[in-house]
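No experiment lies behind these values; they were computed from the predicted model shown. Below, chain A is the first sequence line, B the second, and so on; all start at residue 1.
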Amino acid sequence: MAAKIIAPVKGTRDFYPEKMALRAWLYQQMRAASEAFGYQEYDGPFLEPIALYAAKSGEELVKEQAFVFPDRSGDLITLRPELTPTLARMVAQKQGQLVFPLRWWSFGPFWRYERPQKGRAREFFQWNVDMVGVSSPEADAELAAIGANFFWRVGLGPDEVQILVNNRRLMDSRLDALGVPPERRRAVFRLIDRREKMSPAAWEGYAEAVGLSPAQRRGLEDLLADERLWEQSEELGRFFAAAEALGVRDYLRYSPAVIRGLDYYTGTVFEARDRAGAFRAIFGGGRYDNLVADVGGKPLPGVGFAMGDMVIALVLEAYDRLPQLAPQPASLVVTVFDEAHLLPAYRLAAELRGEGLAVLTYPEPAKLGKQFKYADRIGARWALIVGPDELAQNVVSVKDLTTRKQHPVPRAHLAAFLHERLS
RNA sequence: GUGGCUGUAGCUCAAUGGCAGAGCACCUGACUGUGGAUCAGGAUGUUGUGGGUUCAAGUCCCAUCAGCCACCCCA
């Protein structure tokens, strides 16, 4: 009891069984939503060369937020900070052999060297869903619908969460009309992205710094207040019509202020937020039509989104939608009556496992009271006793830990008896 | 990377610069074939770490680490 516990790496999380059960449950819901739309599961390496991200992910993400280290030969290795460039590479590598439109999903760990805070860690899990090979607004709507389907599965309704949608091409054309030159566009997108986070005065100063004239600034503000701006976009018109048909229109709302941070988005972009605005974005995504070409493939359009495991967990907790999970897979405990009856108890456990039941044994002789307490605390439903009396009569005493009632069951009927009550 | 708050037993928290404590949890027993109650007893701390001030530091000062929160960025 002297050695000091080595602290975990900053920004990582230990998944104790209870948390692991939640992670597994989220994974299940993601799988269900993905597969309902026919998406196939895939994964890439957790380690990638930094050059893969240099192309398009966004300056800060690569330069300041990626975990980068030299391997033993001196090559720079990155712990993947996101999946989309890997996807683009995987598609580019086998472009001739894959079936398009390709629909893939994935759930795995990612790393970003950031300061941990609410809803954000340095090591986190992310659900990625992508469709590659089509550029239709209907494909965009399908992706949004998968996100909505997930919300529906976990019990979050349109009155609680919303998917905010915009389109970069639409914004481009509106900014053109305002006379914003193309080289300023990225800066203006950033400006738009920040508006809700800044005071009006600070935002105006920022707009000036970006190079907008007072007239342009007023024009931009009108733009950002126009909730019907989408009607000027044929793409978004088709997007919302498809979403309506897909049954998820309620979850969607047009928002001219949504622009998304990543540089590779080219068309429709969307992000999910809780309606109360208490949390950061639950998921974000959009259309990226140049990415496959950027990593060396022939041009192929794509659309996708990513959802981290932390914000959604916070939202589910806030709305009291976390499921009751039982981290203990066995609901039967075979007690050890005493040292002489340990092996008979183990034989009984083996017999029941042979019948397909999950069974815990007590791992040493101990007082029965202690074993019942263990069975109770671990979350078991039944405790089984094989003592001298039971052996003599060829029965097993089955105690229901909830009702505290106990009765003998003939050995021959035991498995059937338990199966019936467990189903 | 910037700023703020917080670090005391497994957990939640006390302790005016003056003997480090409580509740819960845990262990043992009352109870040699039975768990959630009750009672009795027991174990548990370099007060995050390292310096400094002081007769005396959990308390004040500095540094550092960690956690949380906000900014940045984003899932």
Side-chain angles (χ1 to χ4, degrees), chain A residues 1-2 4-13 16 26 30 57-66 80-84 106-129 147 190 193-194 197-199 202 259-263 265 270-273 279-286 304-315 333 335-338 340-341 362 365-392 397-408:
Chain A
M1 186 69 197
K4 223 173 174 176
I5 295 171
I6 305 291
V9 172
K10 188 185 183 80
T12 61
R13 291 167 292 163
Y16 287 85
L26 283 171
M30 291 164 182
S57 291
E59 294 273 307
E60 176 145 352
L61 186 57
V62 180
K63 285 186 184 160
E64 290 172 41
Q65 296 187 349
R80 62 180 188 183
E82 59 159 339
L83 190 60
T84 308
S106 185
F107 179 73
F110 295 86
W111 294 265
R112 288 182 196 171
Y113 195 82
E114 296 182 284
R115 195 90 151 235
Q117 58 186 270
K118 196 173 190 176
R120 192 172 79 182
R122 288 185 173 180
E123 179 179 74
F124 56 97
F125 285 78
Q126 202 179 62
W127 178 36
N128 280 264
V129 190
R190 184 136 293 175
D193 197 39
R194 292 212 193 142
K197 298 165 189 164
M198 300 174 78
S199 69
I259 213 77
R260 305 301 304 155
L262 296 177
D263 292 341
Y265 291 127
F270 52 89
E271 70 180 32
R273 318 218 40 139
F279 301 95
R280 57 183 73 234
I282 302 168
F283 67 69
F305 70 88
M307 180 172 86
D309 68 315
M310 298 188 72
V311 175
I312 184 63
L314 290 171
V315 172
V333 170
T335 59
V336 173
F337 186 78
D338 58 24
H341 293 80
Y362 207 79
K367 290 175 127 183
L368 275 182
K370 192 173 174 183
Q371 300 187 52
F372 278 112
K373 187 169 185 182
Y374 170 76
D376 184 49
R377 297 206 49 188
I378 201 90
R381 281 178 64 193
W382 282 286
L384 308 188
I385 304 105
V386 228
D389 297 349
E390 286 85 357
L391 278 181
S397 288
V398 177
K399 178 161 185 173
D400 184 322
L401 291 166
T402 315
T403 63
R404 314 184 74 150
K405 284 183 183 153
Q406 174 180 336
H407 57 277

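Here the P atom of nucleotide G35(B) and the CZ atom of F372(A) are 8 Å apart, to the nearest Å. R122(A) has its CZ atom 18 Å from the P atom of A75(B), to the nearest Å. Computed from coordinates, the Q65(A) CD to C71(B) P distance equals 14 Å when rounded to whole Å. Between L83(A) atom CG and C74(B) atom P the separation is 18 Å, expressed in whole Å. Straight-line distance from the OH atom of Y265(A) to the C1' atom of C74(B): 10 Å, rounded to whole Å. For the pair K373(A) NZ and G29(B) P, the computed distance is 11 Å after rounding to whole Å.
Remark on RNA chain B: of its neighbouring residues Y374(A) and G119(A), the 5'-side contact belongs to Y374(A), judged by nearest-heavy-atom nucleotide. Both V9(A) and G308(A) sit near RNA chain B, but only V9(A) has its closest nucleotide nearer the 5' end.
Note that R80(A) lies in the cation-pi zone of F110(A), set by a 6.0 Å cut-off to the ring centre and a 45° limit from the axis.
For A306(A), counting side-chain heavy atoms from C-beta on, the closest listed nucleotide (A75(B), C27(B), A66(B)) is A75(B). The nucleotide whose nearest atom lies closest to any side-chain atom of D389(A) is, among G36(B), U32(B), G33(B), G33(B). The Q117(A) side chain lies nearest to C71(B) when the options are G35(B), C71(B), U34(B). Set against G3(B), G33(B), A66(B), the side chain of R115(A) has G3(B) as its closest nucleotide. Across G33(B), C74(B), G35(B), the shortest atom-to-atom separation from the side chain of D193(A) is found for C74(B). Proximity note for R190(A) (side chain, C-beta onward) versus A66(B), C74(B), A70(B): the nearest is C74(B). Of the candidates A75(B), U28(B), G33(B), A75(B) carries the atom nearest the R120(A) side chain, counting heavy atoms from C-beta on. Taking the side chain of R404(A) as heavy atoms from C-beta on, and the options G33(B), G35(B), G29(B), the nearest nucleotide is G35(B).
Only the C1' atoms considered, U59(B) is 13 Å distant from A14(B), to the nearest whole Å.
Among the heavy atoms of the strands, none lies under 4.0 Å from A366(A). Residue contacts shown for R377(A) are limited to sugar-phosphate atoms, with no base heavy atom under 4.0 Å away. Looking at heavy-atom distances under 4.0 Å, Q371(A) makes no contact with the nucleic acid at all. In this structure, T402(A) reaches the bases: a heavy-atom distance under 4.0 Å links it to at least one base atom across the strands shown. When heavy atoms are screened at a 4.0 angstrom cut-off, K399(A) is found touching base atoms of the nucleic acid. Residue E390(A) is classed as a base contact, given a heavy-atom separation below 4.0 Å to a base. Using a 4.0 Å heavy-atom distance criterion, F110(A) is classed as making no nucleic acid contact. Across all strands, I282(A) comes closer than 4.0 Å only to sugar-phosphate atoms, never to a base (heavy-atom distances). Contacts of G285(A) with the nucleic acid, taken as non-hydrogen atoms under 4.0 Å apart, are absent.
Closest approach of R120(A) to R115(A), counting heavy atoms only: NH2-O, 2.8 Å. Residues G119(A) and R280(A) share a closest heavy-atom pair of O-CD, 4.2 Å. Here the closest non-hydrogen pair linking I282(A) and R273(A) is CD1-C, 3.9 Å.
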Compile the donor-acceptor pairs under 3.5 Å between side chains in residues 368-385 of chain A and protein atoms, sequence neighbours left out, one pair per line.
unit_1  : atom_1 : unit_2  : atom_2 : d
Q371(A) : OE1    : V336(A) : N      : 2.6
Q371(A) : NE2    : V336(A) : O      : 2.7
Q371(A) : NE2    : A366(A) : O      : 2.8

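Look at F124(A) and the base of A75(B); the rings stack, centres closer than 5.5 Å and planes less than 30° apart.
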